[in-house]
Amino acid sequence: MMKDKQVMDADWMVFHPNPRKPSFTPPKGAVDAHCHVFGPAHDFPYAAKRKYTPCDAGKEQLFSLRDHLGFSRNVIVQASCHGRNNDALIDALETAGDLARGVTVVGPDVTDEELHKMDTAGVRGVRFNFVKRLVDATPKHVFLDIAARVKKLGWHIVVYFEAADLHDLIPFLKQLPTVVVVDHMGRPDVSKPPTHESFQAFITLLSENDNFWTKVTCPERLTLAGPPYDDVIPFARTLVDLFPTRVLWGTDWPHPNMKSHMPDDGILVDVIPRIATSKEKQQALLVDNPMRLYWP
Ligand code: 0GY
């Protein structure tokens, strides 16, 4: 019954049912370093306070996409529709064994025992989400306390924010005591060129703080032009060229909250050689960097 209600409530498009086989062959051991699992709702209900209701997108579907696209491993990121209940994430990690790692979302009440259990299951990071359409605001001191605790486990912090919020967030971000991975290139406005001051401020952040990494992900979210995402390529390529050892790539499957179009994941993979333009850069982006962070 509950499942039927949740599926009826679903307010985003269903992931591509039949993505094409990419033309680009990822290097051996490639990692999809940003993807999610949603439900299935009858096993893992969505959070009561979620801001969107996804369609079910479970671990089996994720792992079969991984194989279809020619990837070897996943980094699964807890998404806001599951709130702070990480059961679906942990279940997927336990099924994948050494082939997946996780990024969790926790509150100040999380116990050390819970953190240790997550660590054993393969969690290696915690996500702080500042995107207002996705989450209610969390006080900075709460985030800083969590940061200090997860640092002891050797975890890092993933941050998700809109480009317009970068300026105000910089003092906070600089206080974080771990590696900090910024989701989706800090969500640049691609109607402005990469030389625009807002993207340059993001580049300066990475240039001046070598604990900052970024995911060159989500052309489908950032594009104004649509596939094959020509307008996003210069932003991602700039970051790969400037910070080749601090960039990660992921599909973002199953693409929550996409309203304009649902990407074909094969087309997303074919963006890779356009942003990482040599074998060396592809090896770093898809294998060496994620392995260093998630499978040290
Ligand atoms: C993403 C992007 C989105 C959603 C979430 O936690 C989430 O719900 O991450 C988004 O809507 O931009 O990174 O997958």
Side-chain angles (χ1 to χ4, degrees), residues 6 9-16 31-39 41 44-59 61-62 65 74-90 92 100-107 123 125-138 143 146 156-166 180-190 213-224 229 232 235-236 247-263 265 268 271 290:
Q6 291 192 319
D9 281 353
D11 52 15
W12 58 283
M13 299 165 80
V14 180
F15 55 87
H16 197 293
V31 181
D32 174 354
H34 185 92
C35 50
H36 309 284
V37 284
F38 296 150
F44 304 108
Y46 301 115
K49 288 192 178 163
R50 64 190 179 275
K51 305 277 186 192
Y52 64 89
T53 300
C55 299
D56 287 347
K59 60 186 176 182
Q61 289 155 306
L62 175 65
L65 179 77
N74 295 109
V75 179
I76 307 172
V77 179
Q78 170 79 355
S80 60
C81 57
H82 276 298
R84 292 170 183 165
N85 182 325
N86 291 273
D87 289 354
L89 168 67
I90 300 302
R101 294 288 186 259
V103 174
T104 184
V105 173
V106 297
V123 171
V126 65
R127 192 188 203 198
F128 296 166
N129 194 335
F130 298 92
V131 177
K132 296 179 189 77
R133 68 184 162 77
L134 291 174
V135 287
D136 297 328
T138 298
F143 278 150
I146 293 171
H156 62 273
I157 293 160
V158 174
V159 289
Y160 189 25
F161 55 80
E162 302 281 3
D165 296 325
L166 173 62
V180 179
V181 182
V182 180
D183 275 341
H184 315 336
M185 305 188 275
R187 291 194 62 110
D189 173 358
V190 303
W213 295 39
T214 191
K215 293 179 196 162
V216 287
T217 37
C218 285
E220 78 282 10
R221 278 182 201 290
L222 302 171
T223 188
L224 298 172
Y229 312 116
V232 186
F235 294 83
V247 282
L248 301 169
W249 186 89
T251 54
D252 188 38
W253 187 90
H255 313 289
N257 289 314
M258 286 299 295
K259 306 275 194 263
S260 61
H261 71 290
M262 184 46 67
D265 297 276
L268 291 175
V271 168

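Atoms within a ligand are numbered from 1 in the order they appear, just like the ligands themselves.
- Using modelled atom types and a 3.5 Å distance limit, the side chains of Glu220 and His255 yield a donor-acceptor pair.
- Within the 4.0 Å heavy-atom criterion, the part of Arg221 lying near ligand 1 is the side chain and not the backbone.
- Atom 4 (C) of ligand 1 has Leu134 CD1, 3.6 Å as its closest protein atom, hydrogens excluded (heavy atom only).
- Residue Asp252 places a heavy atom under 4.0 Å from ligand 1.
- Residue-to-ligand polar distances keep Asp183 apart from ligand 1: every N/O pair is separated by 3.5 Å or more.
- Numbered from 1 in the order shown, with element, the atoms of ligand 1 that lie under 4.0 Å from a heavy atom of Arg127 read 1 (C), 5 (C), 6 (O), 7 (C), 9 (O), 13 (O).
- At least one heavy atom of His34 lies less than 4.0 angstrom from ligand 1.
- Cys81 contributes atom SG, which lies 6.0 Å from atom OH of Tyr46 (distance to the nearest 0.5 angstrom).
- Closest approach of Gly83 to Ala47, counting heavy atoms only: N-CB, 3.7 Å.
- At least one heavy atom of Arg187 sits under 4.0 Å from some atom of ligand 1.
- Taking all heavy atoms of His184, His36, Glu162 into account, the minimum distance to atom 13 (O) of ligand 1 is reached by His184.
- A perpendicular orientation is assigned to the rings of Tyr160 and His184, their planes being inclined by more than 60° (bins at 30° and 60°).
- Ring geometry, Phe38 versus His36: the interplanar angle falls under 30°, so the pair is classed parallel (tilted spans 30 to 60°).
- Residue Tyr52 approaches ligand 1 through these ligand atoms, each under 4.0 Å from one of its heavy atoms: 7 (C), 8 (O).
- Residue contacts with ligand 1: Ser80 is placed with a nitrogen or oxygen under 3.5 Å of a nitrogen or oxygen of the ligand (distance criterion only).
- The protein atom (non-hydrogen) at minimum distance from atom 12 (O) of ligand 1 is Tyr160 OH, 2.5 Å.
- Salt bridge Arg127/Asp183: present, at least one basic N to carboxylate O contact under 4.0 Å.
- Counting only N and O atoms by type, the side chains of Thr251 and Asp32 include a donor and acceptor under 3.5 Å apart.
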Exercise. Report the C-alpha distance between Asp136 and Lys51 in whole Å, list the side-chain angles of each, state the deciding distance to 0.1 Å, and finish with yes or no for salt bridge (charged side-chain N to carboxylate O under 4.0 Å, His left out).
Key: CA-CA 9 Å; Asp136 297 328; Lys51 305 277 186 192; 2.7 Å; yes
